[in-house]
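What follows is one structure encoded as structure tokens, with my remarks underneath.
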Amino acid sequence: MNKAKAILQIYQTMLDTLGPQQWWPGETPFEIVIGAILTQNTNWSNVEKAIRNLKTAGKLSPRGIHELSMLELAQLIRPSGFFNVKAKRVKAFINWLFSRYEGNLSRMFNQDLQILRDELLSVKGIGPETADSILLYAGNMPTFVVDAYTHRIFSRHGFIAEESTYDEMKAFFEENLPKDVTLYNEYHALLVHIGKRYCRPKKACEPCPLKDFL
DNA sequence: ATCCGGCGTC
DNA sequence: GACGCAGGAT
């Protein structure tokens, strides 16, 4: 059996049964970047409240966050959890953005993908998943996002080893899928849906759209 | 291996 | 009022 074909069939099945997820259609790239940091190890609904707080305070911009003290920022993003560490991480990113790209996201995304990815990974608090989420969802750059759901679903289905590293999983998808931003975007969004709804730590395989692929 | 914290569900 | 959940650093 052809691996690449199976990966595409899984995608098609998810798309047919779940429909397009249409992630982050109307929001600004900056909002997506901040969301990517705040959603680390937390539910998106928690992040929405934090984003709302920043927006209401008129601070949802590079300059706006730059002006906040660490404590002020931590209080605003409190609903997203881990708010003290995340305040440090958001600040670290903003400081880096100003020193490296004049606080300008467009300039940042004008950088070459691989170089920018390495640069993002050098910012304390930005790991591989956050970096790839920023690049794909805010920058529309062709990099595949791997997360806990991706790992769980594809290891359970026997496509990857349980102990696979982030970079191995990322390579697995990029080697077996056409290099397409829209496809990467939708694929990850669909996996999140499957992971939240069906492929739980305690399985719910019976009603899962992907049960035939086991 | 442990720490960092909130929200939704039961 | 428990318990379950999801990344990164140290």
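We use all heavy atoms of the structure for the numbers below, so side chains are in, but hydrogens, waters and symmetry mates are not. Below, chains carry the letters A, B, ... as their sequence lines are ordered, and counting in each starts from 1.
- Rounded to an integer number of Å, the gap from Lys88(A) NZ to dC4(B) C1' is 10 Å.
- Protein atom CZ of Phe93(A) is 14 Å distant from nucleotide atom P of dG8(C), rounded to whole Å.
- The distance from atom NZ of Lys91(A) to atom CG of Leu68(A), rounded to the nearest 0.5 Å, is 6.0 Å.
- Remark: C1' of dG6(B) and CG of Asn43(A) are 10 Å apart, rounded to the nearest angstrom.
- Ile194(A) pairs with exactly one of Thr13(A), Thr150(A), Leu18(A) by the side-chain contact (heavy atoms from CB on, under 4.5 Å) rule, that one being Leu18(A).
- If you measure from atom CG of Asn53(A) to atom P of dC7(B), you get 10 Å, rounded to the nearest angstrom.
- No contact: Thr39(A) has no heavy atom under 4.0 Å from any strand.
- The phosphate of dG7(C) has neither OP1 nor OP2 within less than 4.0 Å of any side-chain N or O from Thr42(A).
- As rounded to whole Å, 14 Å separates atom P of dG7(C) from atom CD1 of Ile134(A).
- Set against dG6(B), dC4(B), dG8(B), the side chain of Lys49(A) has dG8(B) as its closest nucleotide.
- Among the nucleotides dG7(C), dC7(B), dC4(B), the one closest to the side chain of Ser45(A) is dC7(B).
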- Message: Lys3(A) vs Glu175(A), test: salt bridge (charged side-chain N to carboxylate O under 4.0 Å, His left out). Steps then yes/no.
- Response: CA-CA 10 Å; Lys3(A) 225 185 331 181; Glu175(A) 284 164 10; over 6 Å; no
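- Under 4.0 angstrom from either OP1 or OP2 of dG5(B) there lies at least one side-chain N or O belonging to Asn84(A).
- Considering only side-chain atoms of Phe83(A), the nucleotide from dC7(B), dG8(C), dG5(B) that sits closest is dG5(B).
- Annotation: Tyr187(A) is in aromatic contact with Phe144(A) [ring centroid separation under 6.0 Å].
- Atom CD of Glu119(A) sits about 5.0 Å away from atom CD of Gln111(A), to the nearest 0.5 Å.
- If you take NZ of Lys196(A) and C1' of dC5(C), they are 10 Å apart, rounded to a whole angstrom.
- Nearer the 5' end of DNA chain C, as judged by each residue's closest nucleotide, is the contact made by Arg200(A), out of Gly125(A) and Arg200(A).
- Going from atom NZ of Lys124(A) over to atom P of dG8(C) covers 13 Å, rounded to whole Å.
- When rounded to the nearest whole Å, the span between CZ of Arg89(A) and C1' of dG8(C) equals 4 Å.
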